[in-house]
Amino acid sequence: MIEYSLQQEELMEYNQFQSILFKDIKLAKELVIIDQKHIRLDMQSKQIDYFFYRDNIVRKSNAKETFNLKVLGVEFNNKEKVLEEQQTIKLKTSLLGQEIIVFEEKPISRAKQINNYFLSEY
């Protein structure tokens, strides 16, 4: 009975995190990769920071939220090539003892693609 309760708590925490991250990325104007453990989402009127630590994920906006999820690895396609249309986040975590991978994408605006093109020319 206790094991079932712990599993349900872990599933609830994961689903809450995934739902909030998905919503934040979709509503963000821009996704900025600060370093391998830190991203910033520029919203219309504020910024939201995500910090990926080994034993938890911290979302910092007006309030600080901590998700107790093990982070096994985080990868970004932060090269932003001229023809890239998406920025991706690949998060490896553990859920109910099994490794899983979460993918999220943020479209890169045409204006930013054009800007990247001109920056690559000079």
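Residues take their numbers from the sequence shown, with the count starting at 1.
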Original post:
Do Phe52 and Val58 sit in the same hydrophobic cluster, where Ile, Leu, Val, Met, Phe, Trp and Tyr count as joined when their side-chain heavy atoms come under 4.5 Å apart?
Top reply: no
Original post:
When hydrophobic residues are tied together by side-chain contacts of less than 4.5 Å, even through go-betweens, does Met12 share a cluster with Ile100?
Top reply: no
**OP:** Check whether any side-chain heavy atom of Leu6 lies under 4.5 Å from a side-chain heavy atom of Gln8, and answer yes or no.
**Re:** no
Subject >> Shortest non-hydrogen contact from Gln87 toward Ile33 >> reply: NE2-CD1, 4.4 Å
**OP:** Count the heavy atoms belonging to other residues, nucleotides or ligands that lie under 6.0 Å from CD of Gln44, then report whether that count exceeds 12.
**Re:** no
Original post:
Do the side chains of Tyr14 and Tyr53 join up, straight or via other hydrophobic residues, at under 4.5 Å, putting them in one cluster?
Top reply: no
Original post:
Hey, what do you get for CG (Asn68) to NZ (Lys70), rounding to the nearest 0.5 Å?
Top reply: 9.0 Å
Original post:
At their closest point, which heavy atom of Ala28 faces which heavy atom of Leu41, and how far apart are they?
Top reply: CB-CB, 4.0 Å
**OP:** Verify the cluster assignment for Leu69 and Leu96: are they in a single hydrophobic cluster under the rule of side-chain heavy atoms below 4.5 Å apart?
**Re:** yes
Subject >> Where Glu105 and Lys26 come nearest, the two heavy atoms and their spacing >> reply: O-NZ, 3.5 Å
Original post:
In terms of hydrophobic clustering (I, L, V, M, F, W, Y; side-chain heavy atoms under 4.5 Å; direct or indirect links), are Val74 and Ile101 co-clustered?
Top reply: no
Original post:
Any donor-acceptor pair under 3.5 Å linking the side chain of Lys106 with the backbone of Ile25?
Top reply: yes
**OP:** Inspect the surroundings of CD in Glu9 and state if more than 12 heavy atoms from other residues, nucleotides or ligands are less than 6.0 Å away.
**Re:** no
Original post:
How long is the span from the CD atom in Glu10 to the OG atom in Ser94, to the nearest 0.5 Å?
Top reply: 6.5 Å
**OP:** State, with a plain yes or no, whether a side-chain heavy atom of Gln36 is found less than 4.5 Å away from one of Phe76.
**Re:** yes
Original post:
Which of these passes side chain to side chain donor-acceptor pair (under 3.5 Å) with Asp49: Lys60, Arg59, His38?
Top reply: His38
Subject >> Shortest non-hydrogen contact between Tyr50 and Ile57, atoms and distance >> reply: CD2-CG2, 4.2 Å
Subject >> Nearest heavy-atom neighbours spanning Ile20 and Glu65 >> reply: CD1-OE1, 3.9 Å
**OP:** Would you check if Ile34 and Ile39 make a side-chain contact, meaning some heavy-atom pair closer than 4.5 Å?
**Re:** no
**OP:** Starting at CD of Glu13, measure out to CD of Gln18 and round the result to the nearest 0.5 Å.
**Re:** 13.0 Å
Original post:
So do the side chains of Leu72 and Thr93 get within less than 4.5 Å of each other, counting heavy atoms only?
Top reply: no
Subject >> Interatomic spacing from CZ in Phe17 to CG in Asn56 - rounded to 0.5 Å >> reply: 11.0 Å
**OP:** Count the heavy atoms of every other residue, nucleotide or ligand shown that sit under 6.0 Å from CD of Gln7, and state whether that count exceeds 12.
**Re:** yes
Subject >> Minimum-distance pair of heavy atoms, taken over all atoms of Ile48 and Ser61 >> reply: CG1-OG, 3.8 Å
**OP:** Might you work through the side-chain contact (heavy atoms from CB on, under 4.5 Å) test for Glu104 and Leu21, ending with a clear yes or no?
**Re:** CA-CA 8 Å; Glu104 291 295 340; Leu21 178 65; 3.9 Å; yes
